[in-house]
S.K.: 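Next up is a structure, given as structure tokens.
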Amino acid sequence: MKARKFSKKHKSSWRKHIDDADVDSFFEDKRLTERLGKPFELRDDSELFTVDTRPGPLIRESILAPQLGAENSSLRCFQGLENTSAVPDPVIKRNTIRSKEQRQHPILKKKNEIRLKKGILKKKEIVQLQKYFHKRVSCLEEKPRRKVAIKEDLWAEKSDEPSKLSKLKSWFNETTVLHTVRNTSDLKEQSSYRPSAAETIIPSFETPHPGISYNPSFTDHLNIATEVSTLVTKTEKEERHLNRVTQQMFKQISSDKNEKNWLQEMAEGLPLNEPAVGVANNVDSDESEYEAINPPVCRDKKKTIKQRKKQLRLKQEEQKRNEAREQKKKALDICKIKSLMDEIKTEELKKEKKSLKRLQKSAKKFETPRRVGKNKFTVDGPIIADISELTGSLREIVPQGNILRDELKSLQKRNLIEVTKPQFKNKKKKMKKYRLKSHQETKDTNLNF
Amino acid sequence: MTHQSSSIIIERAPSPAGSSAPASQLLPRLGSRKQTDPAQNEIFKEKQQSTPPARHARNSTVHKSDEKYQSGEGARYITRKAALRKLQLTLRDFRTLCIVKGIYPREPKHRRRAQQGKTGIQTLYLKKDIQFLMHEPIIWKIREKKVHLKRIKRARSMKDYSMAKRYASTVPVIEIDHIIKERYPTFIDALRDLDDCLTLCFMFAALPRRKTIPSYLIALCRRLTLEFMHVVIASRALRHVFVSIKGIYYQVEFRGQTITWLVSHNFGFDPRDASEVDFRTMTTFVEFYSTMLGFVNFRLYHIMNLNYPPQLQGYTTEELENELIDDRVSLSDRVAALNIPLRSAGVSGEAAADEIELDQFPMSEDAEVADEARQKYEETKNLKTLFNGMRVFLNREVPREMLVFVLRCCGAEVSWDTSIFPGECLFNEDDESITHQIVDRPSIDKQYISRYYVQPQWIFDSLNARKLLPVEKYFIGVPLPPHLSPFSHEYRTHRYVPPEEKALKDDSYVLKEDIPIDETDLLDEDESPNVDDMIDNESDGEVPVDTEKNEKVQNMEVKKGETYRANKSKERKDYKQMHQLKEKMIRRKYRNLYKSMMQGCRGREKEIKLLKYKRRLHERRRFEEKKAAMKAQHVAALM
């Protein structure tokens with residue numbers, strides 16, 4: 001191949017087309033040798049090898065054991081920072097800072113080592129260690145986030161000095177007082193509203209059933225067992241009922257049949273299957289005359305004046321008759337005053353009774369939890385120990401029930417808090433699903449999306 | 001009248017005649033209103049109520065629905081959502097605030113009207129309550145804290161950790177002391193509401209660390225409950241104990257208020273499922289209640305004239321400092337041991353107060369009530385010193401804390417095996433002065449003759465019975481009598497009581513287990529002694545009266561004159577007739593009720609009779625069997 005000619009007009013164009021890789025690699029090598037030191041060929045044997053005078057552990061005992069010489073090597077994360085270059089420091093005289101240990105006098109150093117080996121500690125060191133261990137332990141302790149010990153009596157009697165506002169009030173007009181104290185804290189004393197207690201009158205402590213004793217009497221245990229069994233049968237009955245009126249009411253059919261039915265229902269009335277019948281129906285409907293439900297008023301059926309007058313006369317006569325009857329009744333009722341009074345009395349009595357009953361009912365209402373939120377309050381059944389667990393020994397109690405849950409239920413029962421349901425975060429994101437056209441199956445088109 | 005008008009916007013009340021500015025002009029002020037004192041609104045609201053609403057002065061073109069729900073139930077309630085908007089709080093903060101301030105959701109009479117025409121069930125609060133909440137200064141603290149936490153979060157995400165640390169050390173602390181004073185104006189009010197407080201604090205004290213509960217709260221609860229237990233011990237306030245499978249119920253009495261709480265068994269703890277209990281809500285309650293309990297403890301200690309924080313007798317802080325151990329840890333351990341009495345600051349106040357002697361002549365007219373009260377007082381007085389002088393040693397297998405608490409509440413000295421608890425034990429097991437050792441195992445190898453070995457139930461039953469029950473029933477390895485609930489009342493008194501139950505309740509009643517059979521009786525078969533008399537001497541009170549009368553007749557001297565002899569049968573007959581007449585006089589209204597009552601009474605009597613008869617038959621059969629067995633033995637011996 002013929003060598004290509006290049007212009008050598010400028011200095012830059014000389015460089016461009018000359019291969020100087022050999023020069024570069026030479027310099028690379030030189031720098032590397034500077035960094036790593038002499039090449040191995042040029043080094044002495046004493047620089048490369050050491051003579052083992054003592055047998056050492058050749059094989060590591062386990063993988064978990066530290067590598068040989070690991071204690072001397074620095075951490076891997078700091079190894080990048082170390083200077084591994086063999087290039088000598090260009091600044092020959094540098095001020096190096098020695099560590100505290102390096103600065104220590106060798107004799108003192110040795111003395112300290114001997115002291116520590118003997119287990120003798122200085123007071124300063126003991127305090128330091130105690131501090132360290134206390135720090136480790138204190139994370140388990142109650143932290144003084146707020147004042148640890150209460151130092152004042154909340155209910156101690158204080159001198160009853162009349163407030164500034166009440167003092168003012170005794171002298172000045174109310175508007176004047178308000179004008180004066182408007183932007184001061186004295187006005188706060190004014191609010192005397194106290195929120196009322198919750199509506200229910202259920203006690204905070206409900207007496208426990210004697211049957212839950214760790215060593216109950218036979219009758220008590222029997223009582224609680226019957227209670228539980230009746231509750232269980234009741235719930236079972238309720239479940240059966242619900243099952244009957246919901247699940248069992250409907251027939252289960254296969255999806256094929258369902259689809260078939262659906263198609264049939266949707267095609268109802270279309271002239272697809274029974275064209276002949278459809279035609280016959282049409283014929284029938286044509287014969288009957290159409291009649292509106294509310295036919296329009298016809299002008300020809302208008303009443304005559306005579307008819308109207310007669311209608312009016314009849315109406316007036318009827319009115320008169322009614323009035324006369326009323327008058328007569330009033331006259332007669334005077335004689336019936338006594339019976340009427342009786343009637344009123346009984347009516348009033350009835351009303352009174354009704355109102356009393358209502359009052360009683362409303363009073364009783366507050367003995368049960370009220371509905372204060374979306375969710376209804378449900379009662380947990382009583383707890384019961386298995387008869388085999390009731391050994392009568394305090395040592396062998398099998399604790400039943402959940403005190404925290406009972407407490408929560410009690411708070412809900414007394415309407416102190418509303419009934420809530422646990423909210424669990426749905427960690428799965430809702431993804432929109434679709435099929436790529438290229439991956440669509442050609443044969444089966446009845447896909448349920 | 002700017003403030004007046006601003007309150008109008010908040011209250012949505014019709015504008016008073018005084019202000020002429022229309023509501024639309026005033027609307028922009030709402031933003032700047034935040035910093036003004038909410039208390040002012042209430043005053044002006046009260047003022048407005050006195051002035052009649054100027055409904056007719058309004059423009060007639062206003063739509064009718066605007067006028068609806070301005071008064072009555074529709075105006076009285078506010079939905080939770082609206083409340084959140086009004087208070088500018090998140091739901092979580094609102095819930096916390098409601099719990100702390102004691103604001104509860106309400107059920108209206110007419111829900112649809114209260115919900116301003118909306119159907120369904122919304123959570124409703126009283127509007128007044130929400131206005132009351134607006135005054136609360138801790139709302140500002142809550143907001144401040146929210147901002148602060150956001151700052152920390154920002155610093156963390158910017159990786160400015162030093163800044164985050166600095167912020168973390170200055171998180172505003174929300175103090176609720178003033179709310180406690182506000183909710184419980186007197187000390188008695190606080191005592192009344194202590195049931196929930198103690199149950200929750202004791203429960204939290206026993207919880208393991210978990211993510212949803214701040215760890216300091218658990219330690220705080222433990223400390224507070226221990227302090228409370230100490231003060232109960234010091235004042236000897238424990239009245240009842242009931243050990244159930246759920247936990248241990250304690251009832252104490254302070255200043256006439258009975259406080260009952262439940263403590264879980266300290267073993268067999270299983271970590272609770274988060275779905276079962278809303279831990280966040282419970283934590284809020286506990287935060288509130290722990291503060292309250294702190295104040296209650298402080299007050300109780302001061303009433304009892306004790307040092308608070310508790311200091312133990314025989315331990316000074318200097319002494320503890322000299323020991324080269326962490327003094328705080330060891331002191332808290334010693335406090336937790338419950339066996340060393342607290343150091344008082346002088347003469348015990350409560351103890352002095354307890355020495356009151358009741359008047360012998362009752363002031364109230366009802367002597368029975370006074371008598372009952374006196375009896376109760378005596379019982380409690382006795383209870384306080386029930387275990388005085390007893391030195392009790394607890395074996396390893398019995399629950400320590402509960403037993404130490406109960407025993408110390410009645411004046412016993414308690415010690416235990418050093419392996420159960422690090423606290424200081426007063427005496428060792430080989431101490432000869434120990435009077436009782438509590439054991440809960442079937443047998444024990446080495447027994448001392450100088451002490452009783454009883455099962456723990458003896459302590460609880462004795463406390464509930466207010467007297468030291470005979471120890472024989474509770475000896476080691478003996479099947480125990482049932483542990484009855486001290487809280488249950490017997491509603492049905494008219495029933496058959498078997499002799500065993502009678503013996504259990506009444507110590508004076510002696511159960512006739514074995515009827516002595518004379519050897520002479522074995523031989524003559526025809527005339528057996530009247531077994532029934534021997535089995536059941538439950539006489540109806542007639543027999544002893546008759547004998548008394550006979551004695552009287554014998555002692556009487558014969559005098560002249562006629563003695564009045566009452567015709568008993570006639571009297572009975574007359575009484576019956578009178579009774580029947582009385583029954584006739586019963587109004588028709590109550591006749592059926594009376595009838596059913598009497599029927600029930602007869603039925604119960606019949607049942608009692610039948611059961612008594614059955615028992616008698618059973619006893620007789622047993623007697624016969626025994627007799628036959630003895631006879632066979634006798635015959636065999638003769639042969």
Side-chain angles (χ1 to χ4, degrees), chain A residues 130 134 137 141-143 145-146 149-150 152-155 178 182-183 187-188 190-191 193 195 198-199 204-205 207-210 212-218 220 370-374 383 385 392-395 397-408 410-411 415-418 420 422, chain B residues 37 39-40 42-43 102-107 121 123 128-129 132 135 173 180-181 186-187 195-196 199-200 203 216 219-220 223 242-247 249 260 262 264-265 268 272 275-278 281-282 294-295 298-299 302 309 326 397-398 440 456-457 479-480 482-485 487-488:
Chain A
Q130 267 183 348
H134 182 74
V137 171
E141 276 179 3
E142 170 195 342
K143 294 224 172 64
R145 263 169 63 120
R146 52 161 294 144
I150 285 156
E152 65 157 337
D153 192 350
L154 206 61
W155 295 284
L178 286 180
R182 175 160 292 158
N183 290 321
L187 201 55
K188 271 183 193 168
Q190 270 280 338
S191 74
Y193 176 75
E199 286 161 318
S204 59
F205 167 69
T207 47
H209 195 289
I212 65 166
S213 164
Y214 86 102
N215 184 16
S217 69
F218 180 69
D220 286 341
R370 309 279 81 218
R371 183 75 179 269
V372 289
K374 214 165 95 185
I383 53 163
S393 169
L394 199 62
R395 191 164 39 94
I397 290 181
V398 183
Q400 301 274 341
N402 185 343
I403 296 173
L404 263 183
R405 185 177 163 75
D406 287 347
E407 193 58 30
L408 184 73
S410 161
L411 293 169
N415 291 148
L416 300 187
I417 47 174
E418 59 181 304
T420 48
Chain B
D37 189 5
Q40 294 168 1
E42 183 136 299
I43 294 163
I103 305 290
Y104 313 116
R106 306 280 163 169
E107 190 195 43
I121 294 172
T123 311
K128 271 198 166 181
D129 283 354
F132 171 70
H135 299 202
V173 179
I180 286 163
K181 171 78 179 170
T186 62
F187 182 53
D195 290 358
D196 285 328
T199 306
L200 276 176
M203 190 65 222
Y216 80 93
L220 178 71
R223 180 169 68 79
F242 177 49
V243 185
S244 75
I245 47 170
K246 202 171 168 189
Y249 289 88
T260 319
L262 178 59
S264 65
H265 290 294
R272 297 304 179 188
S275 64
E276 261 191 345
V277 184
D278 184 2
T281 310
M282 297 319 264
F295 281 112
F298 185 90
R299 177 90 176 166
H302 275 242
D326 195 338
E397 69 274 6
V398 293
D440 196 11
Q457 199 186 313
L480 292 167
H483 176 56
L484 302 172
S485 166
F487 305 115
S488 63

S.K.: Is a side-chain donor or acceptor of Asp440(B) paired with a backbone partner of Arg395(A) at a separation under 3.5 angstrom?
M.R.: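 At least one qualifying donor-acceptor pair exists.
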S.K.: Is there a donor-acceptor pair under 3.5 Å between the side chain of Ser217(A) and the backbone N or O of Pro482(B)?
M.R.: no
S.K.: Can you list the steps and then say if Gln457(B) with Tyr214(A) is a side chain to side chain contact (heavy atoms under 4.5 Å, CB included)?
M.R.: CA-CA 10 Å; Gln457(B) 199 186 313; Tyr214(A) 86 102; 3.1 Å; yes
S.K.: With only heavy atoms counted, which part of Thr186(B) is less than 4.5 Å from chain A, the side chain, the backbone, both or neither?
M.R.: backbone
S.K.: Side chain, backbone, both or neither: which part of Phe187(B) has an atom under 4.5 Å from a heavy atom of chain A?
M.R.: both
S.K.: To the nearest 0.5 Å, tell me how far Tyr249(B) OH sits from Phe205(A) CZ.
M.R.: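 If we round to the nearest 0.5 Å, Tyr249(B):OH and Phe205(A):CZ are 6.5 Å apart.
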S.K.: For Ile245(B), is it the side chain, the backbone, both or neither that has a heavy atom under 4.5 Å from a heavy atom of chain A?
M.R.: both
S.K.: List the steps, then state whether side chain to side chain contact (heavy atoms under 4.5 Å, CB included) holds for Asp196(B) with Glu407(A).
M.R.: CA-CA 8 Å; Asp196(B) 285 328; Glu407(A) 193 58 30; 2.5 Å; yes
S.K.: Distance check, rounded to the nearest 0.5 Å: Asp406(A) atom CG versus Leu262(B) atom CG?
M.R.: 8.0 Å
S.K.: Might you work through the side chain to side chain contact (heavy atoms under 4.5 Å, CB included) test for Phe298(B) and Leu154(A), ending with a clear yes or no?
M.R.: CA-CA 9 Å; Phe298(B) 185 90; Leu154(A) 206 61; over 6 Å; no
S.K.: What option among Gly247(B), Pro456(B), Ser485(B), Ser244(B) has the most heavy-atom pairs under 4.5 Å with chain A?
M.R.: Ser244(B)
S.K.: Can you tell me if Arg370(A) uses its side chain to pair, donor with acceptor, with the backbone of Glu107(B) under 3.5 Å?
M.R.: no
S.K.: Could you state the interatomic distance from NE2 (His265(B)) to CD1 (Ile397(A)), rounded to the nearest 0.5 Å?
M.R.: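 Spacing of NE2 (His265(B)) from CD1 (Ile397(A)) equals 4.0 Å.
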S.K.: Can you tell which of Asp220(A), Leu411(A), Leu416(A), Thr207(A) has the highest number of heavy-atom pairs within less than 4.5 Å of chain B?
M.R.: Leu416(A)
S.K.: So what's closer than 4.5 Å to chain B heavy atoms on Pro216(A): side chain, backbone, both or neither?
M.R.: backbone
